[in-house]
Amino acid sequence: MKPAIWLDGSLRDGDSAMVSVFDHGLTVGDGVFETVKATEGQPFALTRHLRRLARSARGLGLPEPDLDEVRRGCEEVLKAHPVPFGRLRITYTGGISPLGSDRGTAGPTLVVALIEAARRPDATAVITVPWARNERGALTGLKTTSYGENVIALARAHEHGATEALFGNTVGALCEGTGTNVFVVLDGQLHTPPLSSGCLAGITRALVLEWVGAKETDLPLEALRGAEEVFLTSTTRDVQAVHRVDDHTLPGAPGPVTAEALRIFIERAAADIDP
Ligand code: PLP
């Protein structure tokens, strides 16, 4: 599929959508983004994604995004390519700036691209990585385009036959994955790290908390080794069972708590596309 792109106010095809080499998002990672799932031309949880985009932009000190314009961009690319299953990638950056760390005055760049995507994946293996998420950093909790740390960790996961890498934070508490939040079953009880662990306020995480229920608990990273079940949540994975963490196997994944969480998630998401 040739990607349909919304760039700064109009629909372009993939070949003619150009962003400046001096775009501050490219040169210093001064940008924020969202990935939104779309099924049969309909975005899922778009309002929550737009709210988070605005929150991340505010956190980075970018001008307030025009959310009507972002919504229009999403509608236009979905209309141009009504794929059965896809992902909208919304990127909003500081815009063109002379090389250096200061933002220019030309105004922000907005790109909405539609990418065809795979459907919900099966159970997977994950690894833990030795690098810490900073729970007190300037970027903590913001969905910025500064994802280099996640790129390195995910490459390490792939080297180990896994599809996700989980981080602890600076005090050794379980935090999140490179693009996922994590849930853990201990003594039959479902837990997920609190936002104070430094994890992103994942939209899927919030929906699982609301629809399924879980305790927000600070857990040591090692808790994964004693877990009965582990699952990941994200826009692209929904609720994904984990069958191995490093060398600790979780036989029978998805276990009963994960299977129930997935069942509830599918049922509720089908009943409301913008919960
Ligand atoms: N944590 C990080 C670092 C992410 O990048 C993402 C998603 O992109 C998530 C968690 C999951 O968030 P969501 O459920 O909103 O996709």
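Numbering starts at 1 and runs along the sequence shown. When a ligand or atom number is given, it counts from 1 through the structure's own listing order.
Salt bridge Glu34/Lys143: absent, no basic N to carboxylate O contact under 4.0 Å. One finds no salt bridge joining Glu116 and Arg87 here, because no Lys/Arg side-chain nitrogen approaches an Asp/Glu carboxylate oxygen to under 4.0 Å.
Put simply, the side chain of Thr140 gets close to the backbone of Asn134: a donor and an acceptor are under 3.5 Å apart.
A centroid separation of less than 6.0 Å is found between the aromatic rings of Trp211 and Phe265.
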May I have a table of the N/O to N/O pairs between ligand 1 and the protein that fall below 3.5 Å, each row giving the two atom names and the distance to 0.1 Å?
| residue | atom | partner | partner atom | Å |
| --- | --- | --- | --- | --- |
| ligand 1 | 1 (N) | Glu176 | OE1 | 2.7 |
| ligand 1 | 5 (O) | Lys143 | NZ | 3.3 |
| ligand 1 | 5 (O) | Tyr147 | OH | 2.4 |
| ligand 1 | 8 (O) | Lys143 | NZ | 2.4 |
| ligand 1 | 14 (O) | Ile203 | N | 3.3 |
| ligand 1 | 14 (O) | Thr204 | N | 3.0 |
| ligand 1 | 14 (O) | Thr204 | OG1 | 2.6 |
| ligand 1 | 15 (O) | Arg52 | NH1 | 2.8 |
| ligand 1 | 15 (O) | Arg52 | NH2 | 3.0 |
| ligand 1 | 15 (O) | Ile203 | N | 2.8 |
| ligand 1 | 16 (O) | Thr235 | N | 2.9 |
| ligand 1 | 16 (O) | Thr235 | OG1 | 2.7 |

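With hydrogens and angles left out, the side-chain atoms of Asn181 and Arg237 include no donor and acceptor closer than 3.5 Å. Using a 3.5 Å distance cut-off with no hydrogens or angles, the side chains of Arg133 and Thr170 do not pair a donor with an acceptor.
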